[in-house]
Amino acid sequence: MSAQKPSIPQGTRDFGPAVVARRNYIFGVIRRTFEKFGYAPLETPTLENLSVLTGKYGEEGDQLLFKVLNSGNFLKKQKGEVVKDEVTPDDLQAGPRAVLPKIAEKGLRYDLTVPFARYVVMNRGTLTFPFKRYQIQPVWRADRPQRGRYREFYQCDADVVGTDSLLCEAEIVLMMCEVLNGIGLTDFTIKINHRRVLGAIYQALGGEGTEMDLFTAIDKLDKIGRDGVEKELAERGFSPDATDRLFALLGVEGSFEEKLERLLAGFVTAGVDADNATADGYKGLQDLRRVYEYLQEFGFAQFDHLDFDVTLARGLSYYTGCIFEIKINNVNMGSVSGGGRYDNLTGAFGLPGVSGVGFSFGVDRLYDCLEELNLFPAAVATTTRCLVANFDADAERAVLPVLRQLREAGVASELYPEPGKLARQFKYADAKGIPFVLLQGSEERAAGQFKLKTLSTGEERVLSLEQVLAELA
RNA sequence: GUAGAUAUAGCUCAGCUGGUUAGAGCGUCGGAUUGUGAUUCCGAAGGUCGUGGGUUCGAGCCCCAUUAUUUACCCCA
């Protein structure tokens, strides 16, 4: 067998020590924030039954699911045993749709929200509601990789189910700010909108075309511009008149509150009907106003980062209330976070009427942003604090108790594992970013002293063990 | 699924109109220095030029196919 060039699957990555340290730094900020807001950790299996995953992400989503082949021989009946769901020639003739359910019954998780919904339903008897959980795990999508898009990537979700309170929405904004501030990002925009505002816009246009066509077209506004949206809507059966009315509504400007008022006036003028309205106003606008008020009452100080963006639509079909998205403004990168409220996510698993709201950070994209903006603190990288030099067998023996005492004092230390040239050992320390090297050759040992070298300055000092420990601890 | 780009040393990349033995920087290793890294100086190792075919007296370079990587579209974190 000839040696093969090793490789990893498309869209996956190895993370070396330095990268892991930086990723953990981001994870740490997110985890501490979630916990500070009262969310408890949850983990679910990498594999879910395919029946849990399919049909939750739309037709395209189903195609992006990684399916896992059943073990065992599903093509041929073994001698003397019965194979359940054997693939028949007829199935093969009928194509993938007939074959797939028989050869794959598990899939890799596609996001963290659906497994969470599945968990809530399975454990509804034991959970205390409202249930707040966070979850930091990788997810997989069989997408074409490109900038900021991977086939394996981490999501950091925080969701609360079992309450309609808009306080949760307001707290999502708070957590988003806290995390972004915590990792040093300053130029960002938290976009917020409401599915029912979009619904009202659809009605204001007179009910032409479909909601989905309208929303996906609106969502692209900042990318393809007004002309592009007009063209796309025309192709989907929207009249020029409707398109004009759309841009009149999308064009509302001003502060958060001013936009709310102007949209309300627009909806009234357009005669948006009562299906989408309540006695005292329009539900979507009302919700957004309440979220805004909560933030004010809390003493939120970063309204300049919060943007009521009427064009924000988001793809996932299960959102029903507020929707969120974060854009880092000075980096060319897709959204680093998104979320929203879903009134009936657990309905698919037989538990209707449970409302939830949540959001997710894409760590891999946050990482790419920090990298590009050079925002990683230098201190994140190193692990070992002190390298103990290894002169020879005698010195090695003598220095082992010192190694123990360094570690007992909480100083991350290592002894160079074999005696050898000091040049090599210093190079090792330098390459690994170890700040101190501790030396005790025959001279120092005779004097009962140590030599401690600070690599960044080149300074060397002769010290007692107590002094070394005091210096490094 | 659609379209483009790229593939040469461990890494980043040069390589002229197709012409002798394919180069540089960084990294690695050895030495200058048998008790000192980063810095300096000297030296060495390292290549089926992604793979397969074709054109040609001659191919890293041109043509075809194929694989991988990558960017954009769709969609999304």
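Just so we're on the same page: letters track the sequence lines, and every chain starts at 1. These values consider heavy atoms only, across backbone and side chains, with no hydrogens, waters or symmetry-generated copies.
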Taking the six-membered ring for Trp, are [X] and [Y] ring centroids under 6.0 Å apart?
| X | Y | value |
| --- | --- | --- |
| Tyr292(A) | Phe308(A) | no |
| Phe256(A) | Phe303(A) | no |
| Tyr367(A) | Phe376(A) | yes |

Short side-chain N/O contact from Lys220(A) to OP1 or OP2 of C73(B), under 4.0 Å: no
Phosphate-side-chain proximity, Gln425(A) and G37(B), N/O vs OP1/OP2 below 4.0 Å: no
Any donor-acceptor N or O pair under 3.5 Å, side chains Thr113(A), Asp159(A): no
Spacing of the [atom1] atoms in [M] and [N] (rounded, Å):
| N | M | atom1 | answer |
| --- | --- | --- | --- |
| C26(B) | A68(B) | C1' | 25 Å |
| G46(B) | G23(B) | P | 14 Å |
| G31(B) | A22(B) | P | 30 Å |

Using purine N1 to pyrimidine N3 plus N6-O4 or O6-N4 for Watson-Crick, or N1-O2 and O6-N3 for G-U wobble, both under 3.5 Å, which nucleotide pairs with [N]?
| N | result |
| --- | --- |
| A72(B) | U2(B) |
| G25(B) | C11(B) |
| G35(B) | none |
| C16(B) | none |
| U48(B) | none |

Each nucleotide N or O in nucleotides 3-5 of chain B that has a protein N or O under 3.5 Å away: list the pair and distance.
none

Lys/Arg-Asp/Glu bridge criterion (N-O < 4.0 Å) met for [X], [Y]:
| X | Y | result |
| --- | --- | --- |
| Arg365(A) | Asp368(A) | no |
| Arg151(A) | Asp143(A) | no |
| Arg195(A) | Asp287(A) | no |

Interatomic distance, Leu422(A) CG vs A38(B) P [rounded to whole Å]: 13 Å
Atom-to-atom span, CG of Asp394(A) to C1' of G35(B) - whole angstrom: 16 Å
Donor/acceptor link under 3.5 angstrom from Lys451(A) side chain onto base of U36(B): yes
Distance-only donor-acceptor test, Glu60(A) side-chain atoms vs G1(B) base atoms, 3.5 Å: no
If you look at every strand shown and take non-hydrogen atoms under 4.0 Å, does [X] touch a base, only sugar-phosphate, or nothing?
| X | value |
| --- | --- |
| Gln146(A) | base |
| Phe391(A) | base |
| Arg147(A) | sugar-phosphate |
| Ser337(A) | sugar-phosphate |

Is_stacked (Phe153(A), A77(B)) at 5.5 Å, 30 deg: yes
